[in-house]
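Any value given below was found using the heavy atoms of this structure, including those in side chains, with hydrogens, waters and symmetry copies removed. The model shown is predicted, which means the values in this text are computed figures rather than measured ones. Quick note on labels: first sequence line is chain A, next is B, and so on, each numbered from 1.
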Amino acid sequence: MKVGLEVHAQLDTKKLFCNCNTELMDNPTKDIERKLHVTVSELEEVDRAAFEESLKNKKHVYEAFDNSCLVYLDEEPPHNPNKEAIETSLKIALLLKADIVDQIHFMRKIVIDGSNVSGFQRTTIIGLNGVIETEYGNVKIPTICLEEDAARKDREKKDKIFWKVDRLGTPLIELATAPTIRTPEQGKEVALFIGNILKATKKLKRGIGTIRQDLNISIEKGARIEIKGVQELNMIPVYIKEEVKRQENLLKIKGELQKRNANIGDIYDLTDLFKDTQCKIIKKAEKILVLKLENFSGILGMEIQKERRFGSELADYARKYVPGIFHSDELPNYGISEDEKNRVLEKLKSDSFVIVASTNEKVENALKEIIKRIEIAFQEIPEETRRPLENGATSYSRPLPGKARMYPETDVPPYNVSQQTIEKIKKELPELPKKKKTRLMKEYNLNEENTTKIMIYDPDFFEEIMEKYDIKPTIFLKVAETYKSFGRENLEELEIVYDYLSKNRLVKEGIETVLEEFSKGNRDIDKIIEKYNLRPISVMNAEETIKRIVQENRNILEKKGDRAVSALMGECMKALRGKVDGKLVNEILLREIRKI
Amino acid sequence: MKRVKVRKGDNVYEGIEIPSVDEKYLVLKLDNGYNIAFRRNEIKVDIIGEFEKKSKKIEKKEARYRKELRDVSIIGTGGTIASKIDYTTGAVYPAFSPEELEEMVPEIFELANIYPREVLQILSENMNIEKWKRVGNAVIEEINKGRSIVIAHGTDTMHYTASFLSFTLKNLNLPVILTGSQRSSDRPSSDSRMNLFCSVKFATTDYNRVVICMHGTMEDTFCYVHKGVKVRKNHTSRRDAFQSVNTKPVAKVYYNGKIEFFEDLPEKHEERVYFDDKIEEKIFLLKIFPNITHEILDFLIDQKYRGIVLEGTGLGHTPSILYNTIKRGIDEGVTFCMTSQCINGRVNMNVYQTGRKLMELGVIPCKDMLPEVCYTKMMHVLGHAGESEEIRKLMRTNIAGEIIEDTVIL
């Protein structure tokens, strides 16, 4: 097994080639409809992936915002590259001990799925031959690139794909490891290490989807597969295992097909046979075509990955044209009766088949794709880009892109990287994760497990909080991890919780409740504490005491007004010193006085 | 090109050496497609072989002629509407053989029988009178073969060329369409394909005038067809840079081939079509600005310029400091025409004293004509008429649609 990892991380700067912000936005105000066309390469064949996409003949609708500029609508040439983004990527390259290029040349990389308005992504190599030291040994990082993030796909409707352009052009650091990862667990470790190095620059965007991993996996006699866009680090080992399983099963299928002398037969138009069917999809369809398959029984329904059968792979290929297919191994089902299945088998004089039902043109194209996929199954495992599914399996998205799809971005002049710049950045290099980990363990007296957790979470934020607030590292972790489990990462909100905990204004048992409310959008911590009664007993007692003191001194208060406050404060502190934070006493006192 | 091995410290890189603009750097195309560059004085370079560019042979195909389709000649002048990219160097070069065109824009071959002809290979900022004449003559040759004309042109000066041809192509009986691309044709998002498609589509109509056909909006949905004498490039980079001024476009051509006309077809010409190449070359286009002084005008008169288009302020004004020089010019036989730098609207020199004074001196108010159009019209008019009264009359008479007597609310 060979696994390589590609990590993409967004930089928290302006866009790479204009001065627009990179925040994600809602409510687009402008729609721009475009078509993309393949450009033919002189050097090589038309890029396989590009060609495949153009076949779809999709229209792309780019949703822009009031403040979207012309550059990322491809209505204006790019401005000069963002200096902060370049210097951050140089910093990362230097942290990885890479060889830095002396002059940065941006390239246009053809991307024709519509995710880049221009039809290409601008990308450049910043450094080469980097290395990271992991617990499993050194991993080489052959290239460190700086590129543009793509637009966000919003939805698809018939022949149109809708994209939001807010994310397009966000600077993205891309690191690719050599395919030297040997075990599923190591895949996760390497991703973690890279993530920490990137985070150390403090120039990374935070939040869901700001770091994405692609996995390149192949096994002996198998094929190179790219699983694109894995966000959950814990899932990396699962995807690797599931992909290995898929490839092994496809190899089994290949052997079985050859052994059984399986055969792809003719296509039959069986629209009439299904005229009384209970299957809704077939009922609605204009045309029903059936592909005869000989000696495929059991193969179509064979599970090759978690909850995915060989038939799922066929359906993926057909998906460009139809939402799904039916195959004999899964029938009767979906409203197709045993009787209908048998009549089809009888008609074909065969043991298995695939049904496609839709409009005239679509069924034929869909069947062509299915036949193509089955033919490949006899020969090899196709090289593909696949989409990660939640359960650890993957689905086909397109063929693996070919190579020749890059040429110089002539609108951007080469950017010189001077020795002085390098020297300046070298002086600013942050502490490397390995060193930091050792230091944290010693300084905060942490055990190995918790240090690792802090390193994964955010060591800088940890240190910031430890300096500002009087709380234990374990409490830091508990809060941070709980919040993450609610799918949120907002440092300001976290800090509020640390603040309250350190001042003993919130019981530890209330952490989860507060964070849950935060994640639902309720931001007023006082109200939450009030509502769920999350005050420590000491605070509740203090409230009682203060209430009493205020009542006892009502007369003085009414006479002297505000001038009486400091006297009362002295009284309260006398009773509560050492039990409750003075600031809190003051706050409660003022609240009680106001009640009068 | 050479395949080389570059040593820098402990690292070795292999790839193709790409011509570099800056000699101090060696640019290397790696096998993964990226270009990287190193300072030459810090590396060691070994040549390991010659890089053979695999030039893809495009099959020569029999042009299939279809009787039911119209014939359209596509005249190339340069620019990047139809060009290919060299993926090694990134250089863009025109692709104009029928085979190359068919490979790149197959859809136009469904609309008409296509005859590509390359006349020039220039950037449109280098367009000049001599080149205009070559284009004009080529148009006539093609029209005489019964072909409608699509001229692929750089966008910078496309509206000058369109205007020039509007005045000099006489008795047109077939459409002449100029088109180009604002976003280079190497990019999958280029506007060139739709522009070319809509232009060829419009070439199959009977609108026998010179027009510009370009994107109507930022979207790939339709093109506008503009009269060659009523259009201007009004944006540096947007796809819809070309806009009709003081009038509606002629038509809308949708990317699905549908055409929507906003006006009736022009009259047919019975007489023989020809290119009128009698041109006065010494015409100047001068923009008026607040601190302009008379020396520049004196210089132009000394240099024997025969006509000067003033791009005046507002309704058609110049500072009074120029009066004497303008008078000197007119006395020496120079024609002065007034247009407005406001672009939209028409000149009216009766409203202010300045306008009246300039008219008194003999400056010709050119109604709602665009400055660039006035410039090419003067070339044509002064190429023929000598008498100042005749010039005045011709400049103020509509010849090719350049003057509309009433500016309508659009």
CE-CD distance between B:Met214 and B:Gln243, expressed to the nearest 0.5 angstrom:
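It comes to 11.5 Å.
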Could you give the distance from CG (A:Leu146) to OG1 (A:Thr123), rounded to the nearest 0.5 Å?
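Output value for this atom pair is 7.5 Å.
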Below 4.5 Å, heavy atoms only, C-beta onward: do [X] and [Y] meet side chain to side chain?
| X | Y | value |
| --- | --- | --- |
| B:Ile108 | B:Arg193 | no |
| B:Lys233 | B:Thr157 | no |
| B:Lys201 | B:Glu107 | no |

Side chains of [X] and [Y] only: does a donor on one sit below 3.5 Å from an acceptor on the other?
| X | Y | answer |
| --- | --- | --- |
| B:Thr77 | B:His153 | no |
| B:Tyr254 | B:Glu260 | yes |
| A:Asp99 | B:Tyr13 | yes |

With a 4.5 angstrom heavy-atom cut-off, which part of [X] approaches chain B: side chain, backbone, both or neither?
| X | answer |
| --- | --- |
| A:Ile32 | both |
| A:Asp31 | backbone |
| A:Ile104 | neither |
| A:Pro77 | both |
| A:Val417 | backbone |

Based on non-hydrogen pairs under 4.5 Å, which of [options] is most in contact with chain B?
| options | result |
| --- | --- |
| A:Val101, A:Leu128, A:Thr124 | A:Leu128 |
| A:Gly119, A:Cys145, A:Ser118 | A:Ser118 |
| A:Asn416, A:Val61, A:Ile100, A:Thr143 | A:Asn416 |
| A:Met107, A:Gln103, A:Lys59, A:Glu75 | A:Glu75 |
| A:Glu409, A:Glu76, A:Lys109 | A:Glu76 |

[X] versus chain A, heavy atoms under 4.5 Å apart: side chain, backbone, both or neither?
| X | answer |
| --- | --- |
| B:Asp22 | side chain |
| B:Phe38 | both |
| B:Val27 | side chain |
| B:Arg239 | both |

Between the side chain of B:Arg238 and the main-chain N/O of B:Gln182, is any donor-acceptor distance below 3.5 Å?
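Absent.
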With a 4.5 Å cut-off on heavy-atom pairs, point out which of B:Asp191, B:Thr236, B:Leu30, B:Ile36 contacts chain A the most.
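Of the candidates given, the most pairs with chain A belong to B:Ile36.
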Distance-minimising heavy-atom pair for B:Ser181 and B:Ser184:
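Minimum heavy-atom separation between B:Ser181 and B:Ser184: OG-CA, 4.5 Å.
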